[in-house]
Engineer: 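What follows is a structure written as structure tokens; I'll ask about it next.
Throughout, numbering of the chain's residues begins at 1 and tracks the sequence. Every value quoted in this text rests on a predicted model; they were computed, and no experiment measured them.
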Amino acid sequence: MACTQAAPKVSSSWDPKTAAAYLDYREAWWSGWNGSARDHGTFCVSCHTALPYALSRPVLRAVLAESGPSINESKLIENVVKRVRLWKDVGPYYSDRGYDHKAVESRGTESVLNALILASHNASTGQLTNDIRAAFDNMWALQQAAGEENGSWSWLQFEQEPWEANDSNYYGACLAAMAIGTAPGDYRSTPEIQDHLNRLREYLRRESEAQSTINRVFLLWASAKLPGLLAPEQQQTIIKEILGKQQADGGWRLASIAWKWSGWTPKKLVNMWIREDGTPMDGKSDGVATGLITLALQEAGVSRDNVQLERGISWLANNQNASDGSWPATSVNKRRHALSDTGRFMSDAATAFAVLSLTENQRATNSLTSASDPSVSTGHAPN
């Protein structure tokens with residue numbers, strides 16, 4: 001059994017400054033860690049640390065009235081741009097040496113992550129740069145065109161839930177849809193990508209019913225970014241499913257949404273409580289599931305007045321670690337020391353999703369203001 005540790009101090013209202021400090025510290029560690037280092041002086045982009053950081057840190061920049069990107073934001077973008085420009089020269093995240101199919105899986109995974117990060121980074125500028133175009137070109141070139149996975153991408157599979165598991169190519173396809181919907185310059189309407197886009201839409205719709213709840217949460221989020229991906233009734237079905245898994249304390253629990261229930265086995269039921277290494281998991285809500293779900297619900301148009309959403313957001317506001325600015329989450333695969341660098345991986349994602357959720361209302365308001373006031377986007381003072 002896990003040894004008892006002192007519970008961290010939690011805040012009754014969240015602190016953006018300490019959240020930013022935590023995320024910056026963790027991205028700095030990741031980019032400098034030997035385990036993430038790759039050729040040509042680059043590092044790989046992780047689904048638990050680097051990608052959530054890229055999506056969330058700019059939001060905190062606005063909240064904290066910072067003058068520009070943090071050092072770690074700039075370093076991450078420079079790293080992604082470098083790998084996009086050297087796409088034919090850099091090696092994959094993982095080679096086939098000692099693994100099966102990891103080179104192909106690495107390329108598919110990276111192509112989607114690169115496109116999403118660069119599209120998100122430039123979304124506010126309205127400029128579809130050559131680097132973003134190149135990232136999307138790399139992504140489309142690797143889209144699968146036949147078989148059951150037609151329309152998706154090969155994805156890294158290490159039997160690690162929730163983002164490197166046997167069903168994670170669906171998660172990757174959702175990220176691709178988000179990238180397309182987020183890209184500036186009305187990229188989603190580009191004529192030459194329509195065949196690719198139609199195959200992606202068809203895949204996401206065709207396979208949606210067989211997915212785990214967390215994959216369907218990402219589908220819901222993607223549908224808010226890419227109009228027409230899901231019909232309103234399909235969105236409502238997912239929303240109902242999500243709300244039905246809320247816990248008594250107002251939050252959600254990753255282990256309860258990470259596995260498929262279609263064709264379930266006793267082993268899958270055990271997975272909700274026992275990790276692969278035999279260590280037990282508690283039944284507490286966590287920041288990954290709660291942050292991601294409340295974010296997706298808001299993006300899909302669920303009102304902040306919804307009682308269940310309000311309780312989820314309240315859980316986030318009341319569960320930030322007051323000492324280091326993070327939100328709680330642990331691996332559902334293997335027990336790691338909560339204070340170790342690798343033991344913080346899921347807290348990295350939890351903190352990023354919590355930040356995105358807690359600031360969603362403000363960002364939506366700002367978007368409406370920008371749309372109604374031309375001076376906001378042009379930089380000219382109103383008459």
Engineer: How far apart are the closest heavy atoms of Ala50 and Glu27, and which atoms are they?
Structural biologist: CA-OE1, 3.4 Å

Engineer: If you apply the rule salt bridge (charged side-chain N to carboxylate O under 4.0 Å, His left out), what do you find for Arg61 with Glu73, and how did you get there?
Structural biologist: CA-CA 10 Å; Arg61 189 196 320 155; Glu73 282 182 81; 2.5 Å; yes

Engineer: Under the side chain to side chain donor-acceptor pair (under 3.5 Å) criterion, do Gln246 and Gln308 qualify, and how do the steps go?
Structural biologist: CA-CA 8 Å; Gln246 188 173 31; Gln308 287 185 264; 2.9 Å; yes

Engineer: Please confirm whether the backbone N or O of Gly32 pairs with a side-chain atom of Ser36, one donor and one acceptor, at under 3.5 Å?
Structural biologist: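 Not a single qualifying donor-acceptor pair exists.
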
Engineer: Would you mind reporting whether Asp89 and His40 have side-chain heavy atoms less than 4.5 Å apart?
Structural biologist: yes

Engineer: Apply salt bridge (charged side-chain N to carboxylate O under 4.0 Å, His left out) to residues Arg83 and Asp39 and explain how you reach the verdict.
Structural biologist: CA-CA 10 Å; Arg83 289 190 63 88; Asp39 60 325; 3.6 Å; yes

Engineer: Count the heavy atoms belonging to other residues, nucleotides or ligands that lie under 6.0 Å from CD1 of Ile71, then report whether that count exceeds 12.
Structural biologist: no

Engineer: Begin with the C-alpha distance, continue with both residues' side-chain angles, and end with the deciding distance and a verdict on side-chain contact (heavy atoms from CB on, under 4.5 Å) for Trp29 and Thr49.
Structural biologist: CA-CA 10 Å; Trp29 174 81; Thr49 300; 5.8 Å; no

Engineer: To the nearest 0.5 Å, tell me how far Thr351 OG1 sits from Leu356 CG.
Structural biologist: 11.0 Å

Engineer: When you measure from the side chain of Ser56 to the backbone N and O of Pro52, does any donor-acceptor pair fall under 3.5 Å?
Structural biologist: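 Confirmed, Ser56 side chain pairs with Pro52 backbone.
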
Engineer: Are the side chains of Arg38 and Phe43 in touch, meaning some heavy atoms are under 4.5 Å apart?
Structural biologist: no

Engineer: To the closest 0.5 Å, what do you measure between CD (Gln234) and OG (Ser208)?
Structural biologist: 6.5 Å

Engineer: Judged by atom type as modelled, is there a donor-acceptor pair below 3.5 Å linking the side chain of Trp327 to the main-chain atoms of Leu316?
Structural biologist: yes

Engineer: Could Arg107 and Trp153 be counted as a cation-pi pair, given that NZ or CZ must be under 6.0 Å from the ring centre and within 45° of the axis?
Structural biologist: no

Engineer: As a quick check of understanding, evaluate side chain to side chain donor-acceptor pair (under 3.5 Å) for Ser326 and Asp324, giving each step before the final call.
Structural biologist: CA-CA 6 Å; Ser326 69; Asp324 67 9; 2.8 Å; yes

Engineer: A side-chain contact here means heavy atoms from C-beta on lying under 4.5 Å apart; do Leu297 and Asn306 qualify?
Structural biologist: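 Side chain of Leu297 against side chain of Asn306, heavy atoms only: no contact under 4.5 Å found.
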
Engineer: Looking at every heavy atom in both Gln235 and Ser223, which two are closest together, and how far apart are they?
Structural biologist: NE2-OG, 2.9 Å

Engineer: A quick test of your reading: do over 12 heavy atoms of other residues, nucleotides or ligands sit less than 6.0 Å from CG of Asp195?
Structural biologist: no

Engineer: Do you know the tightest heavy-atom contact between Ala183 and Ala119?
Structural biologist: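 It is CA-CB, 3.8 Å.
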
Engineer: Should Thr18 and Gln320 be marked as a side-chain contact (heavy atoms from CB on, under 4.5 Å) after you check the CA-CA gap, both sets of side-chain angles, and the distance that decides it?
Structural biologist: CA-CA 10 Å; Thr18 57; Gln320 184 185 26; 3.4 Å; yes

Engineer: With hydrophobic residues grouped by side-chain heavy-atom distances under 4.5 Å, do Leu60 and Tyr25 end up in a single group?
Structural biologist: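 Different clusters.
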
Engineer: For the residue pair Arg26 and Trp33, would you count it as a cation-pi contact if the rule is NZ or CZ under 6.0 angstrom from the ring centre and within 45 degrees of the ring axis?
Structural biologist: no

Engineer: Please report the interatomic distance CD1(Ile242) to CZ(Arg216), rounded to the nearest 0.5 Å.
Structural biologist: 8.5 Å

Engineer: When you measure from the side chain of Ser285 to the backbone N and O of Arg253, does any donor-acceptor pair fall under 3.5 Å?
Structural biologist: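 Such a contact is absent between Ser285 side chain and Arg253 backbone.
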
Engineer: Under the rule for salt bridge (charged side-chain N to carboxylate O under 4.0 Å, His left out), what residues qualify as partners of Glu105, not counting sequence neighbours?
Structural biologist: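 For Glu105 the salt bridge (charged side-chain N to carboxylate O under 4.0 Å, His left out) partners, ignoring immediate neighbours, are Lys102.
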
Engineer: Can you confirm whether Tyr170 sits close enough to Tyr203 that some side-chain heavy atom of one is under 4.5 Å from a side-chain heavy atom of the other?
Structural biologist: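 Of all side-chain heavy-atom pairs linking Tyr203 with Tyr170, at least one is under 4.5 Å.
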
Engineer: Do Val104 and Val45 share a hydrophobic cluster, counting only Ile, Leu, Val, Met, Phe, Trp and Tyr and linking them when any side-chain heavy atoms are less than 4.5 Å apart?
Structural biologist: no

Engineer: Can you name the closest pair of heavy atoms from Pro184 and Gln127 and give their distance?
Structural biologist: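 Scanning both residues, the minimum pair turns out to be CG-O, 3.2 Å.
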
Engineer: Check step by step if salt bridge (charged side-chain N to carboxylate O under 4.0 Å, His left out) holds for Glu299 and Lys225.
Structural biologist: CA-CA 8 Å; Glu299 291 255 348; Lys225 299 291 187 184; 3.5 Å; yes

Engineer: Measure from the side-chain N and O atoms of Thr182 to the backbone N and O of Ala179, and report whether any donor-acceptor pair falls under 3.5 Å.
Structural biologist: no

Engineer: Taking Leu156 as the starting point, is it possible to reach Val90 by hopping between hydrophobic residues whose side chains are less than 4.5 Å apart?
Structural biologist: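 No: no chain of side-chain contacts under 4.5 Å links Val90 to Leu156.
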
Engineer: Using side-chain heavy atoms (C-beta onward) and a distance below 4.5 Å, is Asn122 in contact with Leu128?
Structural biologist: no

Engineer: Go through Gln157 and Ser168 one step at a time and tell me if the side chain to side chain donor-acceptor pair (under 3.5 Å) criterion holds.
Structural biologist: CA-CA 7 Å; Gln157 297 181 12; Ser168 291; over 6 Å; no

Engineer: Rounded to the nearest 0.5 Å, what separation is found between the NZ atom of Lys17 and the CD atom of Glu66?
Structural biologist: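 So the gap between those two atoms works out to 9.5 Å.
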
Engineer: Under the criterion side-chain contact (heavy atoms from CB on, under 4.5 Å), I'd like the reasoning laid out for Asp348 against Tyr22: C-alpha separation, chi angles, the key distance, then a yes or no.
Structural biologist: CA-CA 8 Å; Asp348 299 346; Tyr22 174 84; 2.7 Å; yes

Engineer: Is it the case that atom CD in Glu159 sees more than 12 heavy atoms from other parts of the structure closer than 6.0 Å?
Structural biologist: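 No - once you tally the heavy atoms of other residues, nucleotides and ligands closer than 6.0 Å, there are 12 at most.
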
Engineer: Rounded to the nearest 0.5 Å, what separation is found between the CG atom of Leu118 and the CZ atom of Arg133?
Structural biologist: 13.5 Å

Engineer: In the structure I gave you, are the side-chain heavy atoms of Leu229 and Leu219 within less than 4.5 Å of one another anywhere?
Structural biologist: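 Leu229 vs Leu219: side chains touch.
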
Engineer: Where do Pro162 and Ile214 come nearest, in terms of heavy atoms and distance?
Structural biologist: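 Answer, listing the atom of Pro162 first, then Ile214: CB-CD1, 3.9 Å.
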
Engineer: Go through Asn72 and Ser70 one step at a time and tell me if the side chain to side chain donor-acceptor pair (under 3.5 Å) criterion holds.
Structural biologist: CA-CA 5 Å; Asn72 296 299; Ser70 67; 5.0 Å; no

Engineer: So, does Asn333 use its side chain to make a donor-acceptor pair with the main chain of Glu161 at under 3.5 Å?
Structural biologist: yes

Engineer: Check whether any side-chain N or O of Glu164 sits under 3.5 Å from a backbone N or O of Cys47 as a donor-acceptor pair, and report yes or no.
Structural biologist: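 No: the side chain of Glu164 does not pair with the backbone of Cys47.
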
Engineer: Can you find a pair of side-chain heavy atoms, one from Val112 and one from Trp155, that are under 4.5 Å apart?
Structural biologist: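 Yes. Closest side-chain heavy atoms under 4.5 Å.
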
Engineer: Quick check on ring-ring contact (aromatic ring centres under 6.0 Å, His included): which of Tyr53, Trp163, Phe345 does His48 satisfy it with?
Structural biologist: Phe345

Engineer: Sub-3.5 Å donor-acceptor pair from the side chain of Asp277 to the main-chain atoms of Arg335, do we have one?
Structural biologist: yes

Engineer: Closer than 3.5 angstrom, by distance alone: can the side chain of Ser120 be matched with the main-chain N or O of Leu116 as a donor-acceptor pair?
Structural biologist: no

Engineer: Look at the side chain of Glu241 and the backbone N and O of Thr237, then say whether any donor-acceptor pair between them is shorter than 3.5 Å.
Structural biologist: no

Engineer: Inspect the surroundings of CD in Glu192 and state if more than 12 heavy atoms from other residues, nucleotides or ligands are less than 6.0 Å away.
Structural biologist: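 Yes - once you tally the heavy atoms of other residues, nucleotides and ligands closer than 6.0 Å, there are more than 12.
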
Engineer: Kindly compute the distance separating OG1 (Thr330) from CZ (Arg336), expressed to the nearest 0.5 Å.
Structural biologist: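 Rounded to the nearest 0.5 Å, the OG1-CZ separation comes to 10.5 Å.
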
Engineer: Would you call Asn79 and Ser31 a side-chain contact if the rule is heavy atoms closer than 4.5 Å?
Structural biologist: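 A side-chain contact under 4.5 Å is absent here.
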
Engineer: So does Asp186 have more than 12 non-hydrogen atoms from other groups sitting under 6.0 Å from CG?
Structural biologist: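 Yes, CG of Asp186 has more than 12 neighbouring heavy atoms, counting only those of other groups under 6.0 Å.
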
Engineer: Quick one: closest heavy-atom pair of Ala329 and Val288, and the distance?
Structural biologist: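 For Ala329 versus Val288, the nearest heavy atoms are CB-CG2, 3.7 Å.
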
